[in-house]
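First the proteins, then the strands, lettered A, B, ... as listed; each starts at 1. These figures come from a predicted structure and were not determined experimentally.
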Amino acid sequence: MNASTPISPGTIERGLAELGLTLPEAPPAVSHYDPFSIVGTMVYTSGQLPWAPDGILAYRGKIGRELSPEEGYAACRLSALFGLAQIVKAAGSPDRIVRLVRVEGVLNVAPGFIETPGVLDGASDLLNAVLGERGRHSRAIATNPEMPLDCACLIYLWAEIMPCH
Amino acid sequence: MNASTPISPGTIERGLAELGLTLPEAPPAVSHYDPFSIVGTMVYTSGQLPWAPDGILAYRGKIGRELSPEEGYAACRLSALFGLAQIVKAAGSPDRIVRLVRVEGVLNVAPGFIETPGVLDGASDLLNAVLGERGRHSRAIATNPEMPLDCACLIYLWAEIMPCH
Amino acid sequence: MNASTPISPGTIERGLAELGLTLPEAPPAVSHYDPFSIVGTMVYTSGQLPWAPDGILAYRGKIGRELSPEEGYAACRLSALFGLAQIVKAAGSPDRIVRLVRVEGVLNVAPGFIETPGVLDGASDLLNAVLGERGRHSRAIATNPEMPLDCACLIYLWAEIMPCH
């Protein structure tokens, strides 16, 4: 896979459809910054929260207390889907994504909850499933004592896109 | 705005002057590392602390307990000013900054304090005001249970600069 | 030092030998992601844990409670050694590393433990000693309330390598 090879048209939509998903709207930033930035062919998203369709958070509170690990996994998966929407918006089209580079996840966990890698797999598994070999990524994992809006997680994606003309 | 277009001379100094600010000296690192690194045309700063002119911290302690949200905002603004000083030092001149790319902020908060995006706006608002359209950025936000020297915040900046000759 | 200048053959092995160290195997990722990603000439590692040779963690628990600061320093040094092993694997050979760019360290600390920069120097000192001028780096430091497997630290490295053919 060469960085300048285009992805086959429709790959991402088909990958999402196989999971019963469609690409959501890329959400606006929650404060005075942009949802993503582009430098050359790299896109870096801001933190993506697990929004419900009605514009409130689908997952709030601490994993291991208010939320089960399975709900934490679902929160990471949902946030990663919004991250993918940001990358698509940055690229201009799903077919202009070259590949994912990095996933960074921050989790809101109860004291003593250390099974965080399996929870963050909610993001990794979705992106691997949808993007296939182009979804391979390095990963950073964190837990924070307090999160914006008490969200269950924040997911950040780094991706490579085709050059803008 | 093309990445190779120079910024108009004096833009950053004028932007700072309108806010009643001048560019401080770029502070040294607090331990065995460099205050910034350069790769190609990208600069990445190390964490910037909210220093007072006398070389002690202007803002220490937890936002929401020892410090008000307004003091937290001021701490982020001050740290971002030092981040800008690092970028200028890396670029060689304020006029060689192409644009800001990313702001990462880590906040020292009291238990239950989740209004963190508005506090980190202290950094974003300053950089947006001084750099205008070139100040647009994606953002990462974090809270940490313990911070170096009990500082109120750490601010990291990513920026694009003109190529070195 | 130009980014395309090769490092002298054997530099890294000699640097390690002077410290009584050899390069370990690059460990696999602990979940559904890759241990590093490459974009152009940049390598970004996933979080490196302080593994013992028998595949269990050499340093677990909170620095300032279960672990002394000196043990925290040793944990960072050990994790950085695994980070170096990942960079070497990504580059294909120790002699294809151009330079280190950034060290990011997340520490597992007891409440009130703020002497974190000296602990993270365990990573910086090792990399500076082995890589010399090419080891210079910016740094990000964090503390997290809960860490994967209760590890003492996670170390992430960014490095520049020679272009792949």
* For the residue pair A:Tyr156 and B:Glu104, establish whether any side-chain heavy-atom pair is separated by less than 4.5 Å. => no
* Structure fact -> So, the part of B:Ala123 with a heavy atom under 4.5 Å from chain A: the answer is neither
* Sort by residue number and list every member of residues 137-148 of chain B having a non-hydrogen atom under 4.5 Å from chain A. => B:His137, B:Ser138, B:Arg139, B:Ala140, B:Ile141, B:Ala142, B:Thr143, B:Asn144, B:Pro145
* Atom group of A:Leu154 that falls short of 4.5 Å from chain B, counting heavy atoms -> side chain
* Residue part contacting chain A, namely of B:Val101, when any heavy atom lies under 4.5 Å -> both
* Structure fact -> Contact list (residues 14-43 of chain A to chain B, heavy-atom gap under 4.5 Å, by number) returns A:Val30, A:Ser31, A:His32, A:Tyr33, A:Asp34, A:Phe36, A:Ser37, A:Ile38, A:Val39
